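Naming convention: chains lettered A, B, ... in sequence-line order (proteins, then strands); numbering from 1 in each chain. Everything numeric in this text was worked out from a predicted model, so none of it was measured.
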There are 2 protein chains.
Amino acid sequence: MKELLRTKGFKTTPQRELIFDCFFSLGKHVTVDELYQKVRELDPSVGHSTVWRNLKLICQLGLAEEVNIGDGITRYDRTTPKPHGHFFCRSCKKLLEFDVGSVMGALVEAAHEVKFEPDGYKIEIQGYCSDCRQASRPNDAATGSANDERKA
Amino acid sequence: MKELLRTKGFKTTPQRELIFDCFFSLGKHVTVDELYQKVRELDPSVGHSTVWRNLKLICQLGLAEEVNIGDGITRYDRTTPKPHGHFFCRSCKKLLEFDVGSVMGALVEAAHEVKFEPDGYKIEIQGYCSDCRQASRPNDAATGSANDERKA
DNA sequence: ATTGAAAATGAAAGTCGTTTTCAATTGGCG
DNA sequence: CGCCAATTGAAAACGACTTTCATTTTCAAT
């Protein structure tokens, strides 16, 4: 890891090592804040911006990439060898992964048809996970009842 | 249109009608600001928040949905009968649509395998369109050279 | 080991899209 | 017509993200 940084011309600092370690010790789909909290547990002196910058650096190094569901919070997903998409539960905000290897071919082909050269993808399926199926269903104005949940 | 609003319990106002009309007269992937500008051309008295709220309303009514590429700006895409994904050009920020009908089946199936009930999807392929293929390629630290574009 | 240039850090402030507040206005059913 | 709730517009609040800047630290070359 140090070597990877070195070869790219980045310096190794205690904070940087800590942040990198924490990032990789956390699960997938980490938010800046989650990482920040984790880092602060081990070293409360590390600043917000340092965590943020190093998370960006991790992305620059190709070790992770941003995942952007629609809630305004960027998550960072460790890059993994196999392509995957995400199931996003509208209720509990859980993010489940699923394999998309079987559809990548068709997508790349579709891209090439319009002379588009893909170098990244984002496949997200929204809905409700098994735990939340019977729970609340926000934003159903489109399907029937209205006059609710608007000024609550 | 008035009837749709009426039946859902919403009132018809001049501003609302104007905003709705403008939204549907604009192409796809409209940003709040684009819509705001368009509306202001026809009625400079309409407020920012009114445009914004009515855009949300359009979404609530199921007439459009948010598209969130990673640039921090929410676009609004008229819902169309056929499912489609987006090609997003990293260089010129263009958004091209493509048909995803052929892969939806596999995705829904994958969802059901983990007891997930999908009610929405978001398929985005990033890369470079034919116009931008030979142009700049940001964020290539992952693939080779580094020490550039970081403090420029 | 020492040094000095470049990079990294941390606190704080800035940016910017989005969302809420609130007083004033307006639509539409009765 | 008249009322009441919905709507509006200006402005402020919000919050995630990003930058600034003075200080500290790393590390390659002494």
(message) Do Y121(B) and Q126(A) have side chains that approach each other closer than 4.5 Å (heavy atoms only, starting at C-beta)?
(response)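 Answer no - side chains too far apart.
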(message) Side chains of L57(A) and L5(A), heavy atoms from C-beta outward: is any pair under 4.5 Å?
(response)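 L57(A) vs L5(A): side chains touch.
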Counting only side-chain heavy atoms from C-beta out, which of [options] sits nearest to [X]?
| X | options | value |
| --- | --- | --- |
| I73(A) | dA8(C), dA16(D), dG10(C) | dA16(D) |
| H48(A) | dT18(D), dA8(C), dT21(C) | dT18(D) |
| K56(B) | dT19(C), dT26(D), dG9(D) | dT19(C) |
| R6(B) | dA11(C), dC29(C), dG9(D) | dC29(C) |
| K11(A) | dG10(C), dT19(C), dT26(D) | dT26(D) |

(message) Do M104(A) and M104(B) land in one hydrophobic cluster if side-chain heavy atoms of ILVMFWY residues count as linked below 4.5 Å?
(response)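 Yes.
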(request) Given side-chain hydrogen bond (donor to acceptor under 3.5 Å, both in side chains), test D43(B) with S45(B) step by step and report yes or no. (result) CA-CA 5 Å; D43(B) 183 350; S45(B) 72; 2.6 Å; yes
(request) Tell me the stems DNA chain D sits in, counting at least three consecutive Watson-Crick or G-U wobble pairs, each under 3.5 Å on both distances. (result)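 Runs of three or more consecutive pairs: C:1-30 with D:1-30.
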(message) Expected output is a numbered-order residue list: members of residues 30-41 of chain B with a heavy atom under 4.0 Å from any atom of DNA chain D. What is it?
(response)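 Here the set is empty: none.
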At under 4.0 Å between heavy atoms, what does [X] touch on the DNA or RNA strands: base, sugar-phosphate, or nothing?
| X | answer |
| --- | --- |
| N54(B) | sugar-phosphate |
| R16(A) | sugar-phosphate |
| T50(A) | base |

(message) For W52(B) and S45(A), find the nucleotide of DNA chain C closest to each by heavy atoms; which residue's nucleotide sits nearer the 5' end?
(response)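 Closest to the 5' end, via its nearest nucleotide, is S45(A).
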(request) Specify the residue among T12(B) and T74(B) whose closest nucleotide of DNA chain C lies further upstream toward the 5′ end. (result)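 Nearest-nucleotide comparison on DNA chain C picks T74(B).
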(message) Between the side chains of E66(A) and K56(A), is the shortest nitrogen-to-carboxylate-oxygen separation below 4.0 Å, so that they form an ion pair?
(response)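 E66(A) and K56(A): salt-bridged.
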(request) Grab the two heavy atoms, one from A106(A) and one from V103(B), that are nearest each other, plus how far apart they are. (result)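 Where A106(A) meets V103(B) most closely, the heavy atoms are CB-CG1, 3.8 Å.
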